[in-house]
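All remarks here apply to the structure that follows.
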2 protein chains.
Amino acid sequence: MISKVKNAMSTLVGGMMPHGHHHHHNHHSGGGQTCGPDSLPPRFPYGRPDFLDLTPELLQYSTEHASRPVLALKRGSRLPWRTGYAEVINAGKSMLNEDQASCEKLFVRKPSGKHRNSTLLEDNGDGTGIPLHFWGVFDGHAGSGAAIMASKLLHRLIRDRLGEICHLLENPTSAPPICLAKNGSPYQAETKKGAAQEPEDPDAINDSSVRFHMEKAVSLESLVMGVIETAFKQMVRKLSYAISGGCCALAAIHLMGKLYVANAGDSRAIIIRNNEVIPMTNEFTPESERQRLQYLGFLRPELLGNEFTHIEFPRRIQHSELGKKMLYRDHTMTGWAYKTIIEDDLKFPLIYGEGKKARVMATIGVTRGLGDHDLKVYNSNIYIKPFLSCVPEVKVYNMDENKHGPDDVLVMGTDGLWDVTTDREVADAVSAYLSCCDPSDPMRYTLAAQDLLMRSRGVLKERGWRLPNDKLGSGDDITVFVVPLAGHESET
Amino acid sequence: MISKVKNAMSTLVGGMMPHGHHHHHNHHSGGGQTCGPDSLPPRFPYGRPDFLDLTPELLQYSTEHASRPVLALKRGSRLPWRTGYAEVINAGKSMLNEDQASCEKLFVRKPSGKHRNSTLLEDNGDGTGIPLHFWGVFDGHAGSGAAIMASKLLHRLIRDRLGEICHLLENPTSAPPICLAKNGSPYQAETKKGAAQEPEDPDAINDSSVRFHMEKAVSLESLVMGVIETAFKQMVRKLSYAISGGCCALAAIHLMGKLYVANAGDSRAIIIRNNEVIPMTNEFTPESERQRLQYLGFLRPELLGNEFTHIEFPRRIQHSELGKKMLYRDHTMTGWAYKTIIEDDLKFPLIYGEGKKARVMATIGVTRGLGDHDLKVYNSNIYIKPFLSCVPEVKVYNMDENKHGPDDVLVMGTDGLWDVTTDREVADAVSAYLSCCDPSDPMRYTLAAQDLLMRSRGVLKERGWRLPNDKLGSGDDITVFVVPLAGHESET
């Protein structure tokens, strides 16, 4: 991620913000504090990629442009589901990749006594349990620490939380019980009046002595969604006392015939099926979440620290404009109206700027993600965290209800990709590329991912990295997964 | 509207809510306080409909079922744009229609001195100004007072607010100025240093001595949206000291080639074009706005009055279940997870129930609308108004960018229609009906509206009003507009 967090706000103190946001690639955060570039072969000039825990020997890089190589899987290395992967580091301005990724096959099992705290264990040796596939892309800001930690931990948290409802997953046809017994152990329902109960009968868990007129049916699917949401919250707590900085998180989880896509931030995932685009995420930015943030500022003005106003204006207001009328909108409005400017309106707007330049409290350009506990407005004691959410939006795609050909894929990418290439262009590029590839070639999805990256990165010309239309390529880190939806059918 | 507001909550005091919500048509609110059934011809057994200010002589009613007639325009009466209209009162259980409607042609003009407070004047006699067409349906609860007042006032408020930006509407090609002069009069920009300025030049309004790096472009369209949002807020203030009860409000405004559809409540509008459905509204209910309401309850727990919890559970919790684990979701979650039940969870959930039975604080089934200032939880001092919003969602449909045939229409209806008939069924019924009608018949849209009503009302059988599939018809008031999108081309 580049310049999503500003760490220079020199003139806020004077009540005015700097207007110099118009250079896209000006600001850089410190660089990763946990992954050093030591002892790397010379062909990785930008630091060893930590993603996927792959060693440099398992990676290839495009030699075409030595100064900004595209890294991808080497022929012979292989990810679950023949997943294609590629990444590129930003245009030579930082040494380290703030994007991180993970791709794992895990197994969901009931928590056993000896593995109670199994999060940090790779406890899938014997291949028993319900298989779970996980893909994650993590776009870090203010360092890559949060992204690295999330890429190593989030999938295990999800697996462990799923383990707790494992007995429900094993019984997918019966609805989950509304209430579980006191000790939390689902098979140990409190027996009443000595009535004989099958301990393995999930219905017995309900207190059957009470009948309710209204009882909402809760699906197993929405329980898995709750697990994913809970795991994101838990991930944030684990980061809070370990890591500064933060990251956007986009995760895809395949479990029992369904694909759950969870997004917290501005990364994006689309499914391409028969060359049609099915969006699987919404982005969470100061613009898309304006009303939620303004509402919080309105209800809890103390969080604005007397420096910010929750009202949005189309530009900064001059002191000399007091008493005039200016366009505004508050947390209730989508349209704009005029209001008479009062003293309070001279404060800096909570949400300010447009598109990629939009910021919360003049500082951060995304409103959901993991980490950022210490993030403050520059030169102030105003915390930004209360305005940020760690909870992903989860969308579900039913894999089993659809037939997939070898060219039907899930594409996951950080914003560096989508800033430059539209959904439609990505779909056309992937479809065109794959249709020319041998369907049995295990490298085809990695090659398609690499092709996508090169399109967004562009080619080094005299005046920087340029796209074929001579527009500026993405200067950001880019990470892309291309996951074949028919891939699991070829898995054992 | 029926049973959207409960006024009997006999057992809340004891900490438990009544479970008797399962009868759909049990609860009725008081009846309209401002429109009496006096001096009516015998063929209007349920009180004179106030809608549209039409006299009984301009209306016809279907004699087919004397106990529940469908009222519609008589042949010869005519609304702007050949608009079709029909309504039916609920199934004989109340005497008055809580639904109200309005359909008006107005003209937007600059506010002149003598008409400063023109809201209550029908100041469109001479036909000058920018033409504005308005359709509104207002579904009242706890009486029809708010619905009647909104049907008589909302369109005038919108016209007056538009009048204030009339000079901008007359200049649609130039972007609205961000800032207006101190006295609010847009053509009286403050002159600087004696520089000659064209008083009718809108650019002169901007303080041209300042250049801004970031200035958001605001479209005229979003200014009109802001006008509509502001007018709804103003309508609520006018209701607050005049009327008890409330209403859902759905309004369509045609202005300068664009159709603005504004919705606050659970009415619905769809456009049918080439027999395709284009949804123009979202409904605002305890279920669709759950997270917004829970967030408010979470941030401002004092609004819950120690009686309610912002957390949602799939059913009421028994005291004996303390310490057990139950499914829940909070304001951040879409999925469900288990939590250990504590004392606080025994409070009644802020949002409770499913579908048409979902309620805020066990009282109201819609979360946006006009009025309801005095609405309290039964037998308590807990106000519900802070959880309700009066701000509509506004969607814009560009009429001029699309070509419309005589069978392309906007259908607006209260929830009584859509509870029984789906969007698709409505579209099919309207398309089938209109295709059999002479396109030049001015009655065709009213006949189509009447046909829609009869489909949702059903036919009186031994066991109540029944649909052809023998399911129960809508017992609610129903109001329907069928507005031909090519209609304005035939207008002078």
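The basis for the numbers below is simple: all heavy atoms, side chains too, and nothing from hydrogens, waters or symmetry mates.
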[X] to [Y] - nearest heavy-atom pair and separation:
X	Y	answer
B:Met333	A:Thr230	CE-OG1, 4.5 Å
B:Ile178	A:Tyr338	O-CE2, 3.8 Å
A:Glu354	B:Glu215	OE1-O, 4.2 Å
A:Arg315	B:Cys179	NH2-CB, 3.9 Å
B:Asp330	A:Lys233	OD2-NZ, 3.3 Å

Taking every heavy-atom pair that is under 4.5 Å apart, which of A:Gly226, A:Gly353, A:Pro314, A:Cys390 has the most such pairs with chain B?
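The option with the most such pairs is A:Pro314.
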
For the atom pair [atom1] ([X]) and [atom2] ([Y]), what is the distance rounded to the nearest 0.5 Å?
X	Y	atom1	atom2	result
B:Arg292	A:Gln291	CZ	CD	10.5 Å
A:Glu229	B:Thr332	CD	OG1	6.5 Å
A:Lys216	B:Glu312	NZ	CD	4.0 Å
B:Glu321	A:Leu180	CD	CG	11.0 Å

What part of B:Tyr295 is in contact with chain A, defined as an atom under 4.5 angstrom from a non-hydrogen atom: side chain, backbone, both or neither?
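Side chain of B:Tyr295 only, per the 4.5 Å heavy-atom cut-off to chain A.
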
Whatever's closer than 4.5 Å to a heavy atom in chain A on B:Ile228 counts as neither

At a heavy-atom distance under 4.5 Å, which candidate from B:Val391, B:Val218, B:Thr340 has the highest pair count against chain A?
B:Val218

Are A:Leu327 and B:Leu223 packed together at the side-chain level, in the sense that at least one heavy-atom pair is separated by less than 4.5 angstrom?
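Contact flag for A:Leu327/B:Leu223 side chains = yes.
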
So what's closer than 4.5 Å to chain B heavy atoms on A:Val394: side chain, backbone, both or neither?
neither

